[in-house]
Number of protein chains: 2
Amino acid sequence: MTAASELTDHTGYWMRMVSNAVSQEFARKVSGEDVTVAEWSFMRALYEVEPTPPSVLAERMGMTKGAISKLAERLVAKGLVERTENQRDKRAHSLSLTKEGRAKIPVLASLADKNDAEFFGVLTKEEHKTLDRILRLLAERRELKSTPVD
Amino acid sequence: MTAASELTDHTGYWMRMVSNAVSQEFARKVSGEDVTVAEWSFMRALYEVEPTPPSVLAERMGMTKGAISKLAERLVAKGLVERTENQRDKRAHSLSLTKEGRAKIPVLASLADKNDAEFFGVLTKEEHKTLDRILRLLAERRELKSTPVD
DNA sequence: ATGTGTAAGTTTCCTAGTCAACAAGGAGGG
DNA sequence: CCCTCCTTGTTGACTAGGAAACTTACACAT
């Protein structure tokens, strides 16, 4: 086997390539709703458990506090998310979806469905299930061992 | 089933999360070699077929011409890549690895091996193989139907 | 009460990539 | 020739996120 052919054997390389393609296409789809992929991801994370402090969100999304801070700022400006003061601790606050934000969820989710179908529809049901299972397993692992440096 | 639980069912969502984690960790690893993930990806693409015009590279990597242009610029500045004029067409040129660039490949590849092992080592051999196969399949599909907008 | 250390968020600086506008060269028809 | 249209690659404006410095607030021991 030549060195050149070994080079194609990195799972991370293909993962990055496919993930970029999926996200790019999704970005195009949601841009009509005036929302970015990261914003959708943020809103969705919020939708599951709410209200949530930024720090928790950062860990769940695998992003830094700084990124979350800016993302939250944008979403508040768009009126999709709101902050609630924390009485006990004046440093902290919590984030929740506004009514408008909440209303957008199903729309965005259906775009996500469509995007998923377009990309992963070529897989057999079995393959798709396996892929899903593996990705979640890996995501869990990440959460366990590698909190972002920040 | 509630709407909330359906929300976790997007493959793209998990893919993005895992891919980011993998790339981030890899970025940390290669930063010692004064190279970024995109730069590695670029060099690797070049390594396979060389010399190559930027436009072809852009398509292969799923990036825009603009991104490739800047990436190439950085790599030329670092002395890892070089341009060759095209005699037939004065607009065009080709890119190849320099001796130094070529020499870095095995080092970077071994870091990539290590990163892959860390992340995907938790999978069974069977799972890992399946994941690989699926990702390549999806990457191929992308190339067939979705050249970047640009 | 107060000083020291720690935690929550924000801000600044830097890198990276998209998109759109652009310059420059080529191809083909009249 | 030369005019128009297409192609190649670069640039600038903008968005996004990471790292690290910073601000403010808390906790707890003295």
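Computation of the quantities below employed the complete heavy-atom set of this structure, encompassing side-chain atoms and omitting hydrogens, waters and symmetry-equivalent molecules. Here is how names work: the chains are called A, B, and so on, in the same order as the sequence lines, proteins then strands, and each is numbered from 1.
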What's the closest nucleotide to the side chain of [X] if the choices are [options]?
{"X": "B/Arg74", "options": "D/dA16, C/dG17, C/dG9", "result": "C/dG17"}
{"X": "B/Asp89", "options": "C/dG26, D/dC26, D/dG17", "result": "C/dG26"}
{"X": "A/Lys70", "options": "D/dG17, D/dA16, C/dA7", "result": "D/dG17"}
{"X": "B/Ser69", "options": "D/dT8, D/dT11, D/dA25", "result": "D/dT11"}
{"X": "A/Ala92", "options": "C/dA8, D/dG18, D/dG9", "result": "C/dA8"}
{"X": "A/Pro53", "options": "C/dG17, C/dG9, C/dT10", "result": "C/dG9"}
{"X": "A/Arg91", "options": "C/dG9, C/dA7, D/dG9", "result": "C/dA7"}

Discussion item. Check this for me, if you would: do B/Arg60 and B/Glu48 make a salt bridge, where the nitrogen-to-carboxylate-oxygen distance has to be below 4.0 angstrom?
Written reply: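 Between B/Glu48 and B/Arg60 there is no salt bridge, as every charged N stays at least 4.0 Å from the carboxylate O atoms.
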
Worksheet item: Can a salt bridge be assigned to the pair A/Glu82 and A/Lys99 using a cut-off of 4.0 Å between side-chain N and carboxylate O?
Response: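 Not counted as a salt bridge, because no side-chain N and carboxylate O are separated by less than 4.0 Å.
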
Over how many whole Å does the gap from [X] atom [atom1] to [N] atom [atom2] extend?
{"X": "A/Asn86", "N": "C/dA8", "atom1": "CG", "atom2": "C1'", "answer": "10 Å"}
{"X": "A/Arg28", "N": "C/dC19", "atom1": "CZ", "atom2": "C1'", "answer": "11 Å"}
{"X": "B/Glu25", "N": "D/dG18", "atom1": "CD", "atom2": "C1'", "answer": "14 Å"}
{"X": "A/Glu59", "N": "C/dG9", "atom1": "CD", "atom2": "P", "answer": "13 Å"}
{"X": "B/Asn20", "N": "C/dA16", "atom1": "CG", "atom2": "C1'", "answer": "13 Å"}
{"X": "B/Arg16", "N": "D/dG17", "atom1": "CZ", "atom2": "C1'", "answer": "10 Å"}

Item to complete: Look at A/Thr64 and D/dG17 and indicate whether a side-chain polar atom (N or O) is within less than 4.0 Å of OP1 or OP2.
Response: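 For D/dG17, OP1/OP2 do not have a side-chain N/O of A/Thr64 under 4.0 Å.
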
Worksheet entry | Below 4.0 Å: OP1/OP2 of C/dA16 and any side-chain N or O of B/Thr36 |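 Yes.
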
Discussion item. Mind checking if B/Ala27 touches a base, just sugar-phosphate, or nothing, with heavy atoms under 4.0 Å?
Written reply: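 Nothing: the residue B/Ala27, judged by heavy atoms under 4.0 Å, touches no strand.
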
Item to complete: Return the 5'-most residue of the pair A/Gln87, A/Ile68 with respect to DNA chain D, ranking by each residue's nearest nucleotide.
Response: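 The 5'-side residue here is A/Ile68.
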
Worksheet entry | Straight-line distance of A/Met15 CE to A/Leu135 CG, nearest 0.5 Å |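 It is 5.5 Å, given to the nearest 0.5 Å.
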
Worksheet item: Between CG of A/Leu80 and CE of A/Met43, what distance do you get to the nearest 0.5 Å?
Response: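 Going from the CG atom of A/Leu80 to the CE atom of A/Met43 covers 4.5 Å.
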
Worksheet item: Is any side-chain N or O of B/Lys65 under 3.5 Å from a base N or O of D/dG9, one able to act as donor and the other as acceptor?
Response: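 Indeed, a donor on one side and an acceptor on the other fall under 3.5 Å apart.
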
Worksheet item: Within the side chain of A/Thr52, is there an N or O that forms a donor-acceptor pair under 3.5 Å with the backbone of A/Leu57?
Response: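 Answer holds: no.
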
